[in-house]
Amino acid sequence: MFIGEKKIMARIDKFIWAVRLFKTRSLAANQCKTNKVLVNNEAVKPAKEVKVGDVVSIRKNGAIFSYKILDLLEKRVGAKLVADYIVDITPTEEIEKYKIFQASQSSYRNNGMGKPTTKDRRALEKFLRQGNQFLDD
């Protein structure tokens, strides 16, 4: 470090929050604690210092997303500026894995499935009452 030069230190939890990979810093820290965030293919704690050139990998729903650090930053940036600090180097196989997961989740429960609305419940009760009238005859 030279005199007059400001050295930027970046904790991994702050960095991945600042470049908008996680919505909150506490969520980023929790993901680090549960070994879902890797730096250069090593599990790290939230306080791990990162530097330019490191590869950050994040496990999300069975896929591993990878990003290379281009520059460090002090505070959270807008979505348009994220490209100045990281570049996505995720392999296409991992992206396909994630898309398959998303598709399976959306087809798991179709609209209208699950708990019926009040209107649906009343229509069902009316239908069942009509069916019981025929059985009573």
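Worth knowing before you read on, the calculation uses all heavy atoms, side chains too, and leaves out hydrogens, waters and symmetry mates. Just so it is clear, the model here is predicted, and its values are computed rather than measured.
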K.L.:
List the residues meeting side-chain contact (heavy atoms from CB on, under 4.5 Å) with E125, not counting sequence neighbours, and say none if there are none.
P.N.:
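So E125 forms a side-chain contact (heavy atoms from CB on, under 4.5 Å) with R121, R129.
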
K.L.:
So, using ring-ring contact (aromatic ring centres under 6.0 Å, His included) as the criterion, who are the partners of F65 when residues are at least two apart?
P.N.:
Y98

K.L.:
Do you reckon V50 sits in the same ILVMFWY cluster as L73, going by side-chain contacts under 4.5 Å, direct or chained?
P.N.:
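Yes, because V50 and L73 connect within a single hydrophobic cluster, where side-chain heavy atoms sit under 4.5 Å apart.
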
K.L.:
Hey, could you give me each pair passing ring pair (Phe, Tyr, Trp, His ring centres under 6.0 Å) that has a residue in residues 29-56? Not counting sequence neighbours.
P.N.:
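As it turns out, there is no ring pair (Phe, Tyr, Trp, His ring centres under 6.0 Å) pair with a partner in residues 29-56 once direct neighbours are skipped.
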
K.L.:
Can you tell me how far apart NZ (K48) and CD1 (I12) are? Round to the nearest 0.5 Å.
P.N.:
9.0 Å

K.L.:
Sorted by first residue and then second, give each side chain to side chain donor-acceptor pair (under 3.5 Å) pair with at least one member in residues 32-41; sequence neighbours left out.
P.N.:
N40-D54

K.L.:
Sequence neighbours left out, what passes side-chain contact (heavy atoms from CB on, under 4.5 Å) with T117? Give chain and number order.
P.N.:
K119, D120

K.L.:
Mind checking who shares a hydrophobic cluster with V87, ILVMFWY linked at side-chain heavy-atom distances under 4.5 Å?
P.N.:
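So far as hydrophobic clustering goes, V87 is joined with V55, L70, I89.
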
K.L.:
If you take all heavy atoms of L72 and Y85, which pair is closest and at what distance?
P.N.:
O-CE2, 3.7 Å

K.L.:
When you group the ILVMFWY residues by side-chain heavy-atom contacts below 4.5 Å and let the links chain together, are L21 and W17 in the same group?
P.N.:
no

K.L.:
Taking atom CD1 of I16 and atom CZ of R11, what is their separation to the nearest 0.5 Å?
P.N.:
11.0 Å

K.L.:
Quick test of your reading: applying salt bridge (Lys or Arg N to Asp or Glu O under 4.0 Å), list the pairs with at least one residue in residues 79-91, sequence neighbours left out, ordered by first then second residue.
P.N.:
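Counting only pairs at least two positions apart or across chains, no salt bridge (Lys or Arg N to Asp or Glu O under 4.0 Å) contact touches residues 79-91.
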
K.L.:
Would you kindly confirm whether V44 and I64 end up in one hydrophobic cluster when ILVMFWY residues are joined by side chain heavy atoms under 4.5 Å apart?
P.N.:
no

K.L.:
Looking at every heavy atom in both E94 and G62, which two are closest together, and how far apart are they?
P.N.:
OE1-O, 4.2 Å

K.L.:
Applying side-chain contact (heavy atoms from CB on, under 4.5 Å), name anything that partners L27, two or more places apart in sequence or on another chain.
P.N.:
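Partners of L27 under the side-chain contact (heavy atoms from CB on, under 4.5 Å) test: F22, T24, Q31.
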
K.L.:
With a 4.5 Å cut-off on side-chain heavy-atom distances among I, L, V, M, F, W and Y, is there a chain of contacts connecting V56 to V77?
P.N.:
yes

K.L.:
For R76, what residues pass the salt bridge (charged side-chain N to carboxylate O under 4.0 Å, His left out) criterion, not counting sequence neighbours?
P.N.:
none

K.L.:
Check V82 against R20 and note the closest heavy-atom contact, atom names and distance.
P.N.:
CG2-CD, 4.2 Å

K.L.:
Please name all residues satisfying side-chain contact (heavy atoms from CB on, under 4.5 Å) with K99, sequence neighbours left out, ordered by chain then number.
P.N.:
I95, E96

K.L.:
Give a yes or no answer on whether the side chain of T90 reaches the backbone of S66 with a donor-acceptor pair at less than 3.5 Å.
P.N.:
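Yes, the answer is positive, given that a donor and an acceptor are paired below the 3.5 Å cut-off.
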
K.L.:
Can you run down the salt bridge (Lys or Arg N to Asp or Glu O under 4.0 Å) pairs that involve residues 59-70, sequence neighbours left out, and say none if there aren't any?
P.N.:
none

